[in-house]
Amino acid sequence: MANFFKKLFGKDKEKEQEEDIQQEELLDGEEQLSDEEIEKLLFEEEDLEEDAVHELEISEVQVEESDEPAMQESEEDAVQELEISEVQADEEYESEEQEEEEIEEVNVSFFSKLKDGLFKTRKNITDKINDVLLSFKSVDEDLFEELEEILITSDVGVETTMRILDNLRLKVKQQSIKDPMQIKGLLKQEMIEILGGSTSVIGTHSPEVILIIGVNGVGKTTSIGKISSRLKKSGKKVLIAAADTFRAAAIDQLEVWGKRAGVDVIKHQEGSDPAAVIFDAISAAKSRKTDVLICDTAGRLHNKKNLMEELRKIFKVIDREFPEAHREVLLVLDATTGQNAIAQAKVFKEVADITGIILTKLDGTAKGGIVIGIKSELDIPVKLIGVGEKVNDLQEFIPEDFVNALFGE
């Protein structure tokens with residue numbers, strides 16, 4: 001039994017010894033493998049370091065190479081931006097010059113239209129005056145009588161003509177003028193002084209109410225349409241009140257002009273109360289924040305009492321409902337009617353506080369001297385004149401330009 005256990009434990013011991021030897025051999029093998037691996041790893045690390053250094057050198061070179069074009073591009077961009085800014089500055093300067101030229105061209109075209117529009121009047125006044133002045137060798141009373149006839153027949157008016165000639169005689173005496181041609185310059189000065197300086201332009205206030213009055217047939221509706229178009233183009237918000245409810249087709253005509261100008265028309269049925277139309281128009285103008293409200297009115301002079309009452313009601317509505325609005329009352333007169341236009345103005349002046357006159361159809365008459373007569377006898381400034389049928393032919397009246405165009409200068 002003892003031998004059995006001895007053998008048994010002896011075998012286990014031998015087996016343990018064999019396992020220890022195997023483990024030592026395995027450890028020795030592991031140590032050898034790890035040395036090789038370490039050496040291999042060292043070489044790999046050296047290679048990695050060399051690769052890293054190489055990559056770093058390459059990246060530095062690439063950065064340097066990439067920096068040069070970037071710098072060049074940035075410099076080129078800066079130069080290009082500078083050139084663009086210079087070009088833009090030049091374009092802006094050229095644009096300003098072009099705008100100034102366009103404004104000058106517009107002014108020239110307006111003046112040329114005025115000259116063309118006054119062609120008949122110029123032939124009737126200026127050409128005759130030139131012929132008279134050339135026919136006299138000295139300044140005497142006969143010369144003044146010739147000038148008197150020319151001015152009166154051109155509808156300057158008797159009173160205005162006498163005033164002009166009296167002033168001419170005085171200046172001739174004071175300045176010891178002997179040459180008849182010098183009378184022309186003095187005559188121009190007299191006309192400019194009578195007409196006065198430039199008047200206030202309509203539509204410059206906001207809010208503003210413009211009442212258009214005048215007899216039927218003088219061009220009220222057309223004037224309203226042209227004024228609306230003029231103000232709308234200048235950037236104003238415009239509204240039209242069709243308060244001439246008694247004349248047939250007056251409302252329809254205003255609607256046509258409103259569509260052309262892109263302006264709304266406040267209207268009632270034909271025969272309605274004009275003051276009620278104005279009331280509704282004022283309410284609409286306030287709610288829409290309109291700059292200018294243009295009101296058409298009836299122009300029946302055969303019954304002055306009714307006209308007076310009608311206008312009084314309209315003014316009362318405006319005073320009550322729109323007191324903050326600047327008011328213009330413009331009387332439309334037909335230049336072709338001559339002295340009859342002054343008679344109309346006197347009647348309307350009795351019923352309304354007229355602030356200005358629109359003189360239409362000035363291109364169709366040889367009696368444009370009525371402009372001077374109106375201002376002299378009624379002391380009402382002419383604010384707009386019509387020298388053609390187109391929308392732009394209703395122009396602001398500038399006395400000096402008018403007189404220069406009248407004398408062809």
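Each residue takes its place number in the sequence, starting with 1.
- Annotation: side chain of Leu143 is in contact with side chain of Asp140 (closest heavy-atom distance under 4.5 Å).
- With contacts defined as side-chain heavy-atom distances shorter than 4.5 Å, the pair Cys295/Val209 qualifies.
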Applying side-chain contact (heavy atoms from CB on, under 4.5 Å) to Ile385 and Leu394, what does each step give before you reach the verdict? CA-CA 6 Å; Ile385 54 174; Leu394 186 66; 6.0 Å; no

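- Contact record, Ala242 with Ile251: CB-CG1, 4.2 Å, taken as the closest heavy-atom pair.
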Run Arg230 and Glu396 through side-chain contact (heavy atoms from CB on, under 4.5 Å) and show every step you take. CA-CA 11 Å; Arg230 180 190 184 101; Glu396 178 187 349; 3.6 Å; yes

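- Side chain of Thr360 to main chain of Leu333: a donor-acceptor pair is present (N/O by atom type, distance under 3.5 Å, no hydrogens or angles).
- Note: Phe322 CZ to Ile278 CD1 = 11.5 Å, rounded to the nearest 0.5 Å.
- With sequence neighbours excluded, no residue forms a salt bridge (Lys or Arg N to Asp or Glu O under 4.0 Å) with Asp142.
- Scanning all heavy atoms of the two residues, the minimum distance from Gly364 to Thr336 falls at O-CG2, 3.9 Å.
- Proximity of Arg312 to Glu309: side-chain heavy atoms (C-beta onward) are separated by under 4.5 Å at one or more points.
- Thr121 places a side-chain N or O within 3.5 Å of a backbone atom of Gly368 that can act as its donor or acceptor partner.
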Could you walk me through whether Val332 and Ile213 satisfy the side-chain contact (heavy atoms from CB on, under 4.5 Å) test, starting with their C-alpha distance in whole Å, then the side-chain angles of each, then the deciding distance to 0.1 Å, before giving a yes or no? CA-CA 6 Å; Val332 183; Ile213 61 178; over 6 Å; no

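- Among residues two or more places apart in sequence or in another chain, the salt bridge (Lys or Arg N to Asp or Glu O under 4.0 Å) test is passed with Arg247 by Asp244.
- Contact annotation: the side chain of Phe246 never approaches that of Glu270 to less than 4.5 Å [non-hydrogen atoms, C-beta and beyond].
- With hydrogens and angles left out, the side-chain atoms of Asn392 and Lys226 include no donor and acceptor closer than 3.5 Å.
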For residues 177-186, tabulate all N or O donor-acceptor pairs below 3.5 Å that involve a side-chain atom, not counting sequence neighbours.
from	atom 1	to	atom 2	distance (Å)
Asp179	OD1	Met181	N	3.2
Lys184	NZ	Asn130	OD1	3.3

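- By the salt bridge (Lys or Arg N to Asp or Glu O under 4.0 Å) test, Asp363 is found to be paired with no residue, residues two or more places apart in sequence or in another chain being considered.
- Considering only residues two or more places apart in sequence or on other chains, Lys361 meets the side-chain hydrogen bond (donor to acceptor under 3.5 Å, both in side chains) condition with Asp334.
- Heavy-atom minimum distance, Ile354 versus Ala345: CD1-O, 4.2 Å.
- The backbone N or O of Gly225 sits nowhere less than 3.5 Å from a side-chain atom of Arg260 that would complete a donor-acceptor pair.
- For the side-chain contact (heavy atoms from CB on, under 4.5 Å) test, residues two or more places apart in sequence or in another chain that qualify with Asp273 are Ala275, Ala276, Lys313.
- The structure places CD of Glu208 at 7.0 Å from CD1 of Ile202, a figure rounded to the nearest 0.5 Å.
- Take Lys128 and apply the side-chain contact (heavy atoms from CB on, under 4.5 Å) test, not counting sequence neighbours, and it matches Asn124, Ile150.
- For Lys171, the side-chain hydrogen bond (donor to acceptor under 3.5 Å, both in side chains) partners at least two apart in sequence or on another chain are Glu190.
- Heavy atoms from other residues, nucleotides or ligands lying under 6.0 Å from CZ of Phe119 number 12 at most.
- Here the side chain of Asn404 pairs no donor or acceptor atom with the backbone of Asp401 at under 3.5 angstrom.
- To the nearest 0.5 angstrom, Lys316 atom NZ is 7.0 Å from Arg320 atom CZ.
- Legend: residues meeting salt bridge (Lys or Arg N to Asp or Glu O under 4.0 Å) with Asp252, ordered by chain and number and at least two apart, are absent.
- For the residue pair Phe315 and Arg327, the shortest heavy atom distance occurs at CD2-NH1, 3.8 Å.
- Counting only distance, with no hydrogens or angles, the side chain of Ser154 and the backbone of Gly369 share no donor-acceptor pair below 3.5 Å.
- Asp291 places a side-chain N or O within 3.5 Å of a backbone atom of Lys237 that can act as its donor or acceptor partner.
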Audit row: Asp280, His268, side-chain contact (heavy atoms from CB on, under 4.5 Å) steps and yes/no: CA-CA 9 Å; Asp280 288 347; His268 284 190; 2.6 Å; yes

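- Listed here is the closest heavy atom pair of Leu165 and Glu148: CD1-CB, 3.3 Å.
- A 4.5 Å side-chain heavy-atom check between Phe397 and Ile357 finds every atom pair outside the cut-off.
- Of the possible donor and acceptor atoms, none in the side chain of Thr290 sits under 3.5 Å from a partner among the backbone N and O of Pro207.
- Arg288 has a carboxylate O that lies under 4.0 Å from a charged side-chain N of Asp264, or vice versa, which qualifies the two as a salt bridge.
- Heavy-atom contacts from other residues, nucleotides or ligands closer than 6.0 Å to NZ of Lys259 number 12 or fewer.
- Separating the CD1 atom in Ile152 from the OG1 atom in Thr161 is a distance of 4.5 Å, to the nearest 0.5 Å.
- Contact annotation: the side chain of Trp257 approaches that of Val391 to within less than 4.5 Å [non-hydrogen atoms, C-beta and beyond].
- Between Lys383 and Glu328, at least one side-chain nitrogen of the basic residue sits less than 4.0 Å from a carboxylate oxygen of the acidic one, meeting the salt-bridge criterion.
- A 4.5 Å side-chain heavy-atom check between Met191 and Phe402 finds every atom pair outside the cut-off.
- Between Glu255 and Lys267, at least one side-chain nitrogen of the basic residue sits less than 4.0 Å from a carboxylate oxygen of the acidic one, meeting the salt-bridge criterion.
- With a 4.5 Å cut-off on side-chain heavy atoms, Ile227 and Ile358 count as touching.
- Residues that satisfy the side-chain contact (heavy atoms from CB on, under 4.5 Å) test with Glu141, not counting sequence neighbours, are Phe144, Glu145, Arg169.
- The distance from atom CG of Leu384 to atom CD of Gln395, rounded to the nearest 0.5 Å, is 9.5 Å.
- Taking Ser228 as the reference, Ile224, Val238, Ile240, Ala261, Val263, Ile294 meet the side-chain contact (heavy atoms from CB on, under 4.5 Å) condition, with sequence neighbours excluded.
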Donor-acceptor contacts under 3.5 Å from residues 371-382 side chains, at least two apart:
from	atom 1	to	atom 2	distance (Å)
Lys375	NZ	Asp379	OD1	3.2
Ser376	OG	Thr160	OG1	3.1
Ser376	OG	Arg163	NH1	3.3

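- Here the straight-line distance linking atom CG of Leu211 with atom CG of Leu331 works out to 12.0 Å at 0.5 Å rounding.
- Nearest heavy-atom pair across Leu239 and Ala285 is CD2-N, 3.7 Å.
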